[in-house]
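Just so it is clear: chains get the letters A, B, ... in the order the sequence lines come, proteins before strands, and each one is counted from 1.
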Protein chains: 2
Amino acid sequence: MSDHPQTLFHETTFTAPSLLQSRRETFHAVGVKAQLAQLRKTGRYDCFNLKWQPGIYDDLSRWPCPPPVYWDSDVAKWIEGACYLLLDRYDAEVDAAVREIVEMIRGAQGEDGYLNLYFTVIEPEKRWSNLRDQHELYNAGHMVEAALAHAKYYKNDLFLGPILKYVKLIRSVFGPEDGRRHGYPGHPETELALLRLYAVTGDQAAYELGRYFIEERGNPTGQEGKHYYDWEADERGDSPWKRPNSYVHAYDHFYNQSHKPILEQDTVEGHAVRAMYLYTGVADLLCLDSSKPFDKKTAYFEALQKLWDNMVDRKMYLTGGIGAMLNWEGFGIDYFLPLGTDDGGCYNETCASIGVMMLAERLLHLDLDSRYGDVMELCLYNTVMGAMGLEGNSFTYVNQLASSDKDPDRRESWFETSCCPPNLMRLFGSLGGYLWDYGSSDSNKAFVNVHLYTTAEVCFETEDGVKVKLEQKSDWPRDGKASFHLEAPSGIETTVRLRWPSWSSRYEVTPKSDDEFECVKGYIVFPPSYTSKHADFAIEFDGFTPRQVYPHPYTNQHIVALARGPVVYCVEDVDNAWEKDHFRDTGLVRTGEVREHSRSLPVPSLSGDSSVQELEYVELRADGWTRQASKRREPRNTRGQNSIVQAYAAEEAGGGQPVDLVFLPYYLRANRGGRGMMRVALLRE
Amino acid sequence: MSDHPQTLFHETTFTAPSLLQSRRETFHAVGVKAQLAQLRKTGRYDCFNLKWQPGIYDDLSRWPCPPPVYWDSDVAKWIEGACYLLLDRYDAEVDAAVREIVEMIRGAQGEDGYLNLYFTVIEPEKRWSNLRDQHELYNAGHMVEAALAHAKYYKNDLFLGPILKYVKLIRSVFGPEDGRRHGYPGHPETELALLRLYAVTGDQAAYELGRYFIEERGNPTGQEGKHYYDWEADERGDSPWKRPNSYVHAYDHFYNQSHKPILEQDTVEGHAVRAMYLYTGVADLLCLDSSKPFDKKTAYFEALQKLWDNMVDRKMYLTGGIGAMLNWEGFGIDYFLPLGTDDGGCYNETCASIGVMMLAERLLHLDLDSRYGDVMELCLYNTVMGAMGLEGNSFTYVNQLASSDKDPDRRESWFETSCCPPNLMRLFGSLGGYLWDYGSSDSNKAFVNVHLYTTAEVCFETEDGVKVKLEQKSDWPRDGKASFHLEAPSGIETTVRLRWPSWSSRYEVTPKSDDEFECVKGYIVFPPSYTSKHADFAIEFDGFTPRQVYPHPYTNQHIVALARGPVVYCVEDVDNAWEKDHFRDTGLVRTGEVREHSRSLPVPSLSGDSSVQELEYVELRADGWTRQASKRREPRNTRGQNSIVQAYAAEEAGGGQPVDLVFLPYYLRANRGGRGMMRVALLRE
């Protein structure tokens, strides 16, 4: 039951260059050290020596949560990602830094096991006083995940030991028992971390806490007859009307998904990252059911399905981004998906789409269905992959689908709240764990469910310790071919299942089978009768020609984007230098022809030497497509049948001047200078 | 300089039935008494006897502003409207109630002149402690307006006397002088009321206060180096993070237009009613310039123009509604105009469109331009007129363009916050004042600028006391004809200007003129050379056939509505009984034919007798127009070129089943039962 991607990824090897592997290499060569340098430069690193004092960061007055309150998590995520990369390839500088910081963390732990920088150094009297806003338990969760990664690589308990002691302390404070607090993390994360800690170590306190945090969440009368966050606000002497900017209304806790118990939630609301981390924790609890029976498994699974469907059907952008609302960094109402700041929002935090991938991966364990795998891939190749610049040291935090003068499309080397860069690193560091599920159902049966196509191999043992190996080679997402080589002893009946993406209408398998392949919930089943005959086989999916995609009509957006395979495209001013207003007036006519061009971009100076790799991709060109004429208001007192004061005459996408448009993958945007003008979806006829 | 519609309306007589007059009659027969009954029933009336105690209203804990805090204004607006109606026609019951309530108000005034119910009876220690939220000065403004209406009808100072004393007290508390408070109303209204008080009485304190409130507003360092509202929050001991739900962010005062000084405001923001009342007050200040020179007239006029253009071009619905955002009952960003709750909002408070009419009327004095008159008429015939049910005792507060399950289209007899019903009454009571401007530029020259077409006459005197009378007859908005009869002594050179609505492309005048008529900023000029020859003349505008209207393309709404003259149409389930989901899937194809039908609706039992009047209107029928097929998400794993996980295939308005649609004027919606399904704008091809 320790089949988390962060646990299993090391059984997968990326055996040759691929788009996915190129991003992993960038982390090895640049990302891990660039982020370490940022941790050092901003004081996040050294503060663990406990000599940190107010003054190193001058905005501690920011209420409710000065950034140093979550510095622990930035460092923890870096450690976690660094250990994943170390498992892949040794690096002396990274190794030394991990050892040093872990020593500092050990020294920062209190006698009682408490381990949190801010509430040890700056405001020790406020420990556990504001779970809603202060990230105290959130940090604990990331520390747990870092310690698990550390133990996996270093095979010692220098980090894990202190963490288990800290978990014991937390368990003594929180839980269902009288006299303990009935609270839970304002920013979920702790739940999934504790349940993974249990899966690896069997620690009961971790299981009890993780489950309790999930089941208690949103209890309207949990503490002395009050919602826990209202109770703790009263304890602090805060007016309930004193609330963070992200709280839209007093007493309304949707921001952190505690507005009602999870089992009663049927729409996904509030802060998008919190939501994804929380529901991933719930899925983890359900995955543990076989070793830790959970009587509400069915009910929670139904809740997760409802929440997933609400999110994917009504609250997800066609890039896989989630979170339309800047104000609470999260979900708006159904079908409210404005493309950018000028249209009313579009936050789409990088971490949120990473969270979608985490949740999707867990759901695939509970219900093998390509609808989860499709979304996981959509996020990976668009919002997630696009969040790091090609050179590996620049990032996007917000991933709009259209730029504006107020929010031009550009990257930053770091952020005041810098959750996204190290989150990307741990995701790509453990990416092997997302490619496939595998195992054996009994002693002579093995299976591999392939979710993502790339070039990699996995090697695992059946229950009897027999080795099975599956290798795949693919140039995905440049084309739809993938070839497989299976190595399994003849006594092992191996089933391979391949995800059939929903945007693909046909596939072809070689060698052909005598029987038609069954397709179960979007996975094409290669039964043992086939795999035993064909150790080598290949598949080719269609869908790798440009296609037009549209958002749901209820978004009220009469727009069109181009996609090809799982990759969504965008236009940038770098390629379309005539543009002046973020492509706001640019429309596409249906009759336009789209041509493909193979292109490549240099991936600059990885590892400091002069070698330049080339990242290959498919560019799209739409010649003779149309730029819409200006749609500004008519001069006043212009007269016409179609005018009613502030209403407008109809203008069509076809009404303007022809122009040639160049599209490139959204994940490659903001890498080549320019004026920060970008748009994914254009007006359509 | 007392040329406010509330001052001049009585010089206009509605001489025969018309749509406008029918609504005035409804107020006479039903509205004024129905609202009086509500004031009595809810305790608003009797509370002025100072015997009111907590308990009569049980939600005094509502922060920051329990509804009784603004009860004064409800009563004041009723008095104001009642006095306007009394001027038109005597009613013993109304007269007695006004006399009684004014006696109570006189008795409620403190020795020092203070006059506010809540802060006299319930929380006297909190006087002037929270201008931002507590409506204390707002109430004072409505009391001023009520007293002016009272003095106009009763020709005594029983009400105006106490009010002038109260104004003197307020002036002693607020102003630029050291030792006085540098505050201003959280809810503007006081400004326009004080300036009108000055215009009628010449009271200097009123002028100084009104002007000071305008000039001081938004000063970031007005009181002890702080923004006044931050200063008073500190004085109260409130955390700045303790804020009303309508305050999106701490320290951000856009909600009440005090985020910056008015001269620096170039986009219209925040609570829509507050904005309209504030800018109307500013326009009043500019109108006073000839008697009270104002050195910043040009700068403030430029600011008003910018704000007007921003509102009309980017933040106004095609019904004349303003205020997309429920959360602060006001303006969203540019072009953010969702049709209803399901689309992300649409508040469009009745009072806000009344405020637009007030502002437009003032701007017409400063700059005779049909762009103001067109919007004034748009609001009148759509959002404003539609806000009262035909029977005169039911209202809408919010005026969405599309209903939803959460917010069905229906009326209420009263509201907890019941600003709109009495506001409608005073608007219709003083409507004559909005029809035209008139006067004389010197002793032998007179002019009438006609803004609205109906059947009415106005009689006024030139500077030399010579009487001029203009009569108009029209069936507007059923057709575009209006005939005029001018009576002026032969020595008077009279210029008549008629607004040419922007949706009309042609007009025809009878008798014809030898010279072409000049059209200046949308007003057709009938010079003395014409009017002296033709005491009777008529005009007919085109634009009274159905036309399709669209919102600005940047709204991203691919929708179409039908309009005819100034009237916008809607569909209701009463006429289109097949509808199940608020016409959300209903589209119009361009080829559909629209037919007109003359219809009438009974206006029920006015004045309690059995007579039933008929309100005539033009119904539109679009036969064979198309209902769009369901656009629900495809079944999962359906495959196709146009699908990318959560993206959708293109569907067109033309793709569904033909259906016949019946449209009726938006102002007649929610009068005939039904299931509360209504929509103004449908999907278009």
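- For the pairing with B:His558, the side-chain hydrogen bond (donor to acceptor under 3.5 Å, both in side chains) check across A:Gln557, A:His558, A:Arg684 returns one residue only, A:His558.
- When each of B:Ser239, B:Pro64, B:Ala561 is scored by its heavy-atom pairs under 4.5 Å with chain A, the top score falls to B:Ser239.
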Run the ring pair (Phe, Tyr, Trp, His ring centres under 6.0 Å) check on B:Tyr247 and A:Tyr247 step by step: do they pass? CA-CA 11 Å; B:Tyr247 258 64; A:Tyr247 258 66; over 10 Å; no

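- For A:Phe336 against B:Phe336, the heavy-atom pair with the smallest separation is CE1-CE1, 3.2 Å.
- From B:Lys242, atom NZ reaches atom CG of A:Asp238 across 11.0 Å, with rounding to the nearest 0.5 Å.
- Chosen from B:Ile559, B:Val248, B:Thr555, the residue pairing most often with chain A at heavy-atom distances under 4.5 Å is B:Val248.
- The part of A:Asp334 that comes within reach of chain B is its backbone (N, CA, C, O), which places non-hydrogen atoms under 4.5 angstrom from that chain.
- At a cut-off of 3.5 Å, with distance as the only test, no side-chain donor of B:Tyr251 or A:Asn245 sits close to an acceptor on the other residue.
- Distance check, rounded to the nearest 0.5 Å: CG of A:Asn556 to CG of B:Asp343 gives 5.0 Å.
- Nearest heavy-atom pair, B:Asn327 versus A:His249, reported as atom, atom and distance to 0.1 Å: OD1-NE2, 2.7 Å.
- Within the model, atoms CH2 of B:Trp241 and CZ of A:Arg243 stand 10.5 Å from one another, a figure rounded to the nearest 0.5 Å.
- For B:Thr341, the part sitting under 4.5 Å from any heavy atom of chain A is the backbone (N, CA, C, O) and nothing else.
- Only the backbone of A:Pro244 comes within contact range of chain B, judged by heavy atoms closer than 4.5 Å.
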